[in-house]
Amino acid sequence: MPANDPLRNVLYVDLATGASQVRDRTDLFAARLGGAGVAARLLHEECPAGCDPFAPENPVVLAVGPLTGLFPLASKTVAMFKSPLTGNLGESHAGGRSAVAIRMAGYGAIVLRGASPAPVYLSVDGGEVRLKDARSLWGLDDSATAGRIIRENERGAGLRTIMRIGTAGERRIRYAGVTTESYRHFGRLGLGAVFGSKNLKAIAVGGRRELPVADIAAYRALYEEVHRAAVDSPAMKKYHDLGTPENVRPLNALGGLPVRNLQAGTIEHADRITGEAFAESYLGRRLACAHCPVGCVHIAALREPHPAEPYFYKTSMIGYDYELIYAFGAMLGVTDPAGVLRLIEEAERTGLDVMSAGVVLAWATEAFGSGLLSAEHTKGLDLAFGDWQTYLKALELIDRQPNQFYRDLGQGVAHASSVYGGREYALHCGGNEMPGYHTGPAAHLGFLLGARHSHLDNAGYGIDQKALADGTAPDPAAVVDKLMAEEQWRQVLSSLVVCFFARGIYSKELVVRALAAAGFDLDAARLDALGREIYRDKFAFKFREGFKVSELALADRVHRTPAPGGPVDKEFIAKALRRFEQRIAES
Amino acid sequence: MQLDVVDIDRCVGCQVCMFACTRRQNIAGLSKSCIHVRSLGGMERGFTVITCRACPDPPCARTCPTGALKVRPDGGVLLDAGKCDGCGACRAACLIGAVFWDDAANRPNICIHCGYCATHCPHGVLELVKGPEAAHAGQ
C-alpha cells in the first residue's frame, strides 16, 4: 500500500476517559486489505476470550477499505464486536455515508474500547476527536431526534456520517441495531445493544481529503470503466428501479417466502406487498450511499389522517427493503402495505432490528395461539397473524420491557423459546433469527454455516434456484463446497467493503486492477488465498467463543414446511454438516 | 457554457459528482471539489446540490482584494492561484456557499463550468447549458 495512504491509520478511542490515539497499522492493511479482514484481526487483538458482550472489554471495530473513496460501490463499513444475541462473532455491514466519511476523515479503522460512565457521543472531525456529553439525548423517544440534534451541532453537512442508537440499544435489547444516515443500518446481532452497554449514543465522523494513487492516468481510466459498468449494468438497474423488494413476487410464486412463522411458503394477497405495489403506491424517494451511482435505497411516503383532527395529515418517510417486507409482512401474515410501513417506522423509532423483531413476534404469535403464552405474558395483547395494530403495540413493549416476558423477547427467539417452549418453530440459526429465504437446503445451510450468520455472505438462495431450474437433485457435499468457496471470495469483497450488490461488477480480474491503482500488488491467486485466510480468522474466533458444528440444527418447522423443491431433508442437512465439519477442520 | 442543476428531484445524494470534480483535477478524493451535495436537513427531505451559479456580477470576484478572481465571459469566475493569498473573502461573499475551500492548500476551489461532473451524474440532475441566460439557480 502507498506509504502516505491514511488507510493505515487506526483510531483508538477509550470511551472511559475520552483519550484517543492514532496508530500506524500498515501491517494490518497490507496483510488483510481492510474491512472484514482488518476488523477480524482487530477483534482478535482487542476482545478477550469468553468476554461478556456487555463488558467494557468487548470492543467495537469499524473498518473501511482501500477502494473506499477511490472507486464507486466500495461504500460499506464493516463493524465487528462480540454479539450479545449469539454470544459469538458479531459482524454487521452498513453503507450510507459511513465508509466514505471514515476514509475522508483520514482513517482505515476505528476501535472503541471501554465504556463511558455517562452517556456520550463520539465526534471525529478529521484529526479532532472528542467525546461529547449525550445525557440530554439519552432516552429520547425517537432515535431520529437524536440524529437531528447531533446533525445541528456538528460541522460538515454532506461530508459526515452520524451513527446512532435508539432506546432499544440503550436498554440493551439484544437485537438492537445502529442506524446511520436515517435509513441504513448496522442490523443483526445487536451492535446497538453493545453501544448501549458502553453508554455510547452516537458516532459522528467526517472529513474531506485527497487520497494517494500510484498512477493518476491509469486510475482515471479504470474509474471510467467501473463507473460505466455500474451505470449500465442490468443488475444495478434492478436495484434502482424496484430495489430488493423486487424479490417478493418471485419468491412468493416459487413458494420460498416464509409466511406466518414459516407455516407456509406463499401468502394470499401477496400482490399487495410486492416491490411493484410499494413503488406504485408509496415510493417517495430514492437514496444512494456515498459514492454509489445506483441509488437502491427506497423510501415510502406514507400519508395518514390524524386520528383527532379532520383534514390534518401526517406524512412519514419510511425506508423499505425485501427483508423488512418479509419480516413484518409475510412472516407476520400482514399484507396491508400501510401496516408493514407502520411497523417498520416503529422499529426505526426505537432502533430494533426488523428481521429479528419480526421472527420473534411470529414465534410469539404461534406460541400465544397454541396456549404456551397467555394474555398475562403479553400484557393483554391478543397476538394474531395479520393484526399489525397489535404488533405495533408489541414492538413498543419489546422496547419498553415492562415484564419478564418482554425482557425474554428482548433476548431473541432462541432464548424466549428455551423459556416458554415452541422451540420446534423458533426460527433461528445459532441464535440469530432467520432471513427471508425458504428456497431449499442451501439457503438454510448458508445461513447456518456462514461466518457471520448472514444471508448476504452466502450463495445459498442462488444454489437452490439453480438446482430447481436444472431439475437436479443437489449433493450435500457439493452444496457445502460451493457455499464455502463463495463465502471465502465474499471475504475479499467485504474486506474491500464492496457492496455485495456489485459483486457481478467487481470480478476477481477487476479487483486485481483496482487494487493495483490503489497501490496494492496482489494477483488473483493471492486474493483467493486471502479469502481463505480471512475466513479462517473468523472461524478461529468463532471456535474460540464456543462455536460447535455438532450443535448446529434447524428448527423442525424448516423441515416440515415444504420448500419449492420439496421438504428440506434432515439427512441432507446432516450430511452437509459432516462435510462442513471435515472441511473446516482441514482449513 | 455553464453548469446547471436541471432536475434536483432526481438527485439520490450519491455524490459521484463531487468525486468527479476532484478527479478531473488529477487528484483522488474530495479535497478539490467545487460542487457539494448535502441533504436538506435529513435524508427524508431530499438533497441540494450546491454549485457556482455563474452570477452575472459575482460578489466573489468583486470582493477579492488581490484581483485573483476574474469574471469569465461565459459566466463564472477564474482563479489566478498565483495572485490569491487565501484570505477567504470570496468564500464569505458567496451566499450560496459555492466557494469551497481546500484546507491543505488554503485556496478556494472555484468551479470552471467544465461539465465533467454532469457527464458522471447517473440520474440527469446536472447539465452543461448554453449562455448565462439559460442558467438559473436550480438549487
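Just so it is clear, the structure is predicted and the values come from calculations on it, not from any experiment.
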Quick check on Val297(A) against chain B: is it the side chain, the backbone, both or neither that has a heavy atom closer than 4.5 Å?
neither
Is there a side-chain contact between Leu287(A) and Phe47(B) in this structure, where contact means two heavy atoms from C-beta onward sitting under 4.5 Å apart?
yes
When rounded to the nearest 0.5 angstrom, what distance separates CD1 in Ile216(A) from CD1 in Ile27(B)?
7.5 Å
Side-chain contact, heavy-atom cut-off 4.5 Å: Gln15(B) with Arg97(A)?
yes
Using only atom types and a distance under 3.5 Å, with no angle test, would you say the side chain of Arg220(A) pairs donor to acceptor with the backbone of Arg24(B)?
yes
Need one label for Arg285(A): side chain, backbone, both or neither, based on atoms under 4.5 Å from any heavy atom in chain B.
side chain
Do the non-hydrogen side-chain atoms of His291(A) and Cys14(B) ever get within less than 4.5 Å of each other?
no
Heaviest contributor of heavy-atom pairs below 4.5 Å to chain B, chosen from Ser316(A), Gly207(A), Ala157(A), is Ala157(A)
Is the backbone N or O of Leu159(A) less than 3.5 Å from a side-chain atom of His36(B), with the two atoms forming a donor-acceptor pair by type?
no
So for Glu152(A), is it side chain, backbone, both, or neither that comes closer than 4.5 Å to the heavy atoms of chain B?
neither
Which heavy atom of Ala28(B) sits nearest to which heavy atom of Leu70(A), and what is that distance?
CB-CD2, 3.4 Å
Backbone N or O of Ser33(B) within a donor-acceptor pair of the Arg208(A) side chain at under 3.5 Å?
yes
Taking every non-hydrogen pair under 4.5 Å, which of Gly69(A), Pro212(A), Cys289(A), Gly295(A) racks up the most with chain B?
Gly69(A)
Side chain from CB out, backbone as N, CA, C, O: work out which of these in Pro72(A) comes under 4.5 Å of a heavy atom of chain B, or both, or neither.
neither
Less than 4.5 Å apart, side chain to side chain, heavy atoms only: is that true for His123(B) and His240(A)?
yes
For the residue pair His120(B) and His227(A), does the interplanar ring angle fall in the parallel (under 30°), tilted (30 to 60°) or perpendicular (over 60°) class?
tilted
Taking Arg151(A) for its side chain and Gly41(B) for its backbone only, find out whether a donor-acceptor pair lies under 3.5 Å.
yes
Which portion of Cys11(B) sits near chain A, non-hydrogen atoms under 4.5 angstrom:
backbone
Output yes when Arg23(B) and Glu210(A) qualify as a salt bridge under the 4.0 Å nitrogen-oxygen rule, no when they do not.
no
Which of Glu44(B), Met18(B), Arg45(B) touches chain A most, by non-hydrogen pairs under 4.5 Å
Glu44(B)
